[in-house]
There are 2 protein chains.
Amino acid sequence: MVEGGHFERKDYESGVQTQDGMELRVWLRLLTCTNLLDTEVRTRLKQTADTTLPRFDILAQLERHVGPMSMGELSKRLMVSNGNVTGLIDRLAGEGLVDRKPSPNDRRVQMVSLTKKGAKSFSNIAENHRTWVGDMMADLSPDEMNGLYELLARLKASILAAEDKNSLEAAE
Amino acid sequence: MVEGGHFERKDYESGVQTQDGMELRVWLRLLTCTNLLDTEVRTRLKQTADTTLPRFDILAQLERHVGPMSMGELSKRLMVSNGNVTGLIDRLAGEGLVDRKPSPNDRRVQMVSLTKKGAKSFSNIAENHRTWVGDMMADLSPDEMNGLYELLARLKASILAAEDKNSLEAAE
DNA sequence: ACTAATTGTTTTAAGCTTAAAACATTGTCT
DNA sequence: AGACAATGTTTTAAGCTTAAAACAATTAGT
């Protein structure tokens, strides 16, 4: 999109002013890293397997679950809306990667499972996925990886604490 | 969505197996943190200002630029497609937050600028935005913030190096 | 000046996403 | 059993996003 090689993707940092606080700078750098990785993964999924990340996420959930899974459970595990799952499963079923059939116990429920084709497709893609992510982080030392891992845990805890505090205030 | 308070949002970590490599674990934790922050910001933008993050990003770009900006320049700075900007500006113009008029020099070009209403709206939202992000990171010490900032810089460099290497291979 | 290529924008088609409404089925209560 | 609440899924309406095609206007080359 832009010439030069290093700014084809979202890079929110380019707009940060020096007077911005450290929090905004960390947030924008976090966003930049996530977008770079995310975009790269999506691009390679498209190029090498002609699929998308949401489809891949569904196959991954089905693969690690023993036996078929209901639409609702898929929706909970992926943390997306029910309607979203309906659409994705429609397309995956159309491509023959998953199988959807009504539950014999409860006629409201649709049970979904991987087809053989779906399982095979997933295992190929998952292998690639692991390699891609590894390559992108190849320049970080084990110490750096551990440090990042721990700091992200601290950040996650801080965010959740802030949300809890906020929801308590809202409940008053 | 799920009871318990800590897993209402995307949390890819819940599915990671112990045999997964460190790279995948870091990636999923990165994704979790970004999604938590991103979702929170979007939710609050919706609740407090009835707007969205893409709209906010456009107002921010227009605010820091002196004078009107073309559609193409906006598209480059936000790192999104031209068509995307067209749609967003359509809606922002409909809400009276931005002004769009043809350039006098080049009749292909549309020049966009903030209206008074848009500038006022942006400054209110930006103030809140800074506070939200600060609150979410409140539990991290200055040292931790600096450490995270530096490690993310290392990660960004590693990703870009991997992309460059990959595109060089593709060009052979 | 005519033709070509280039540049700037919009339109189109497809997919992802959500919230809210609509439907279908099951469970509960009397 | 009948009414009503709760649960599981799909549909609908709206917005974000992209790639590719279509349009419009400018620039370059002859």
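Just so you know, these numbers use all the heavy atoms, side chains as well, and skip hydrogens, waters and symmetry mates. So you know, we letter chains A, B, ... as the sequences are listed, proteins then strands, and number each from 1. Worth saying up front: this structure is predicted, and the values here are computed from it rather than measured.
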Whole angstrom is fine here: how far is it from [atom1] in [X] over to [atom2] in [N]?
X: A:L45; N: D:dT18; atom1: CG; atom2: P; answer: 17 Å
X: B:L74; N: D:dT17; atom1: CG; atom2: C1'; answer: 16 Å
X: A:I89; N: D:dT11; atom1: CD1; atom2: C1'; answer: 17 Å
X: A:L78; N: C:dT17; atom1: CG; atom2: C1'; answer: 13 Å
X: A:N84; N: D:dT11; atom1: CG; atom2: P; answer: 14 Å
X: B:K46; N: C:dT18; atom1: NZ; atom2: P; answer: 14 Å
X: B:L53; N: D:dT17; atom1: CG; atom2: C1'; answer: 13 Å
X: B:R42; N: D:dA14; atom1: CZ; atom2: P; answer: 20 Å

side-chain contact (heavy atoms from CB on, under 4.5 Å) involving A:D38 - partner list, sequence neighbours excluded: A:R42, A:L53, B:W27
Between A:D90 and A:R100, does any side-chain N to carboxylate O distance fall below 4.0 Å? yes
Could you tell me if the side chain of [Y] sits less than 4.5 Å from the side chain of [X], heavy atoms only?
X: A:I159; Y: B:M137; answer: no
X: A:L88; Y: A:V80; answer: no
X: B:E23; Y: A:M136; answer: no
X: A:K156; Y: A:L160; answer: yes

Would you indicate what B:R55 reaches in the nucleic acid, counting non-hydrogen atoms under 4.0 angstrom: base, sugar-phosphate, or nothing? sugar-phosphate
What nucleic acid atoms does B:R100 come within less than 4.0 Å of, heavy atoms only: base, sugar-phosphate, or nothing? sugar-phosphate
Which of these nucleotides, D:dT17, D:dG15, C:dT17, is closest to any side-chain atom of B:P54? D:dT17
Identify which nucleotide among C:dT11, C:dT18, C:dT17 has an atom closest to any side-chain atom of B:T86, counting heavy atoms from C-beta outward. C:dT11
Got a second to check how far A:R154's CZ is from B:M145's CE, nearest 0.5 Å? 11.0 Å
Partner of C:dT26 under the Watson-Crick or G-U wobble criteria, both distances under 3.5 Å, comes out as D:dA5
Re C:dA4: Watson-Crick or G-U wobble partner, both distances kept under 3.5 Å, found to be none
Base orientation of D:dA21, chi within 90° of 0 counted as syn, else anti, reads anti
For nucleotides 4-8 of chain D, tabulate all protein N/O to nucleotide N/O atom pairs closer than 3.5 Å, reporting atom names and distance.
unit_1	atom_1	unit_2	atom_2	d
D:dT7	O2	A:R108	NH1	2.6

Does D:dA24 have OP1 or OP2 sitting under 4.0 Å from an N or O in the side chain of B:R107? no
